[in-house]
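This report refers to the structure that appears directly beneath it.
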Amino acid sequence: MDAEVFDTFDFLINDEDEVMLLLYEREGEPKNPQIEINAEENAALLVRNETDSLLLRDIPADVFDSLQDADNLMVCELSRSENEKETEIVYAYEAEIRD
């Protein structure tokens, strides 16, 4: 599988307008995770720990609406597996939302 595939992310919004971020696992464990949203640039910066952050671009407007009304974002990091059926959740955590 192409390495670019593992750099993708997606957001899910449930019926209660709660947002979850899905992405592939990154190096190191999350520690005091935060997400800084920037509606003007349609982007957000996920800070997983002291040494790892990820810039998320082109976030849909409906996701921003939900994020701006929330205090935390649920994040699920999935294992990097060639076979989708073998993909597992490696980390599930909440990141504090900052504007």
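- Counting heavy-atom neighbours within 6.0 Å of Glu40 CD, excluding the residue itself, gives a total of 12 or less.
- A single hydrophobic cluster is seen to contain both Leu46 and Tyr91, as judged by linkage of ILVMFWY side chains at heavy-atom distances under 4.5 Å, directly or through other members.
- With sequence neighbours excluded, the residues that form a side chain to side chain donor-acceptor pair (under 3.5 Å) with Tyr93 are Glu77.
- Although no hydrogens or angles enter the test, the distance criterion places no donor-acceptor pair under 3.5 Å between the side chain of Arg57 and the main chain of Glu41.
- Glu29 pairs by the side chain to side chain donor-acceptor pair (under 3.5 Å) definition with nothing, not counting sequence neighbours.
- With rounding to the nearest 0.5 Å, the separation of CZ in Arg26 from OG in Ser53 is 7.5 Å.
- Summarising the geometry, atom CD belonging to Glu50 is positioned 8.0 Å from atom CG belonging to Asn32; distances are rounded to the nearest 0.5 Å.
- Here the straight-line distance linking atom CD1 of Ile37 with atom CG of Leu45 works out to 12.0 Å at 0.5 Å rounding.
- In the hydrophobic clustering of ILVMFWY residues, with side-chain heavy atoms under 4.5 Å counting as a link, Leu21 and Ile97 come out together.
- Proximity of Leu54 to Phe9: side-chain heavy atoms (C-beta onward) are nowhere separated by under 4.5 Å.
- Proximity of Ser79 to Thr87: side-chain heavy atoms (C-beta onward) are separated by under 4.5 Å at one or more points.
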Going by atom type alone, with no hydrogens or angles, which donor-acceptor pairs under 3.5 Å involve a side-chain atom of residues 58-76 and a protein atom two or more places apart or on another chain?
from, atom 1, to, atom 2, distance (Å)
Ser66, OG, Asp17, OD1, 2.5
Ser66, OG, Asp17, OD2, 3.4
Ser66, OG, Asp62, O, 3.3

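- Here the closest non-hydrogen pair linking Glu27 and Asn49 is O-ND2, 4.2 Å.
- Atom CD in Glu36 sits 11.5 Å away from atom CG in Leu56 (nearest 0.5 Å).
- Closest heavy-atom contact between Ala95 and Ile35: CB-N, 4.3 Å.
- Contact annotation: the side chain of Ile89 approaches that of Leu78 to within less than 4.5 Å [non-hydrogen atoms, C-beta and beyond].
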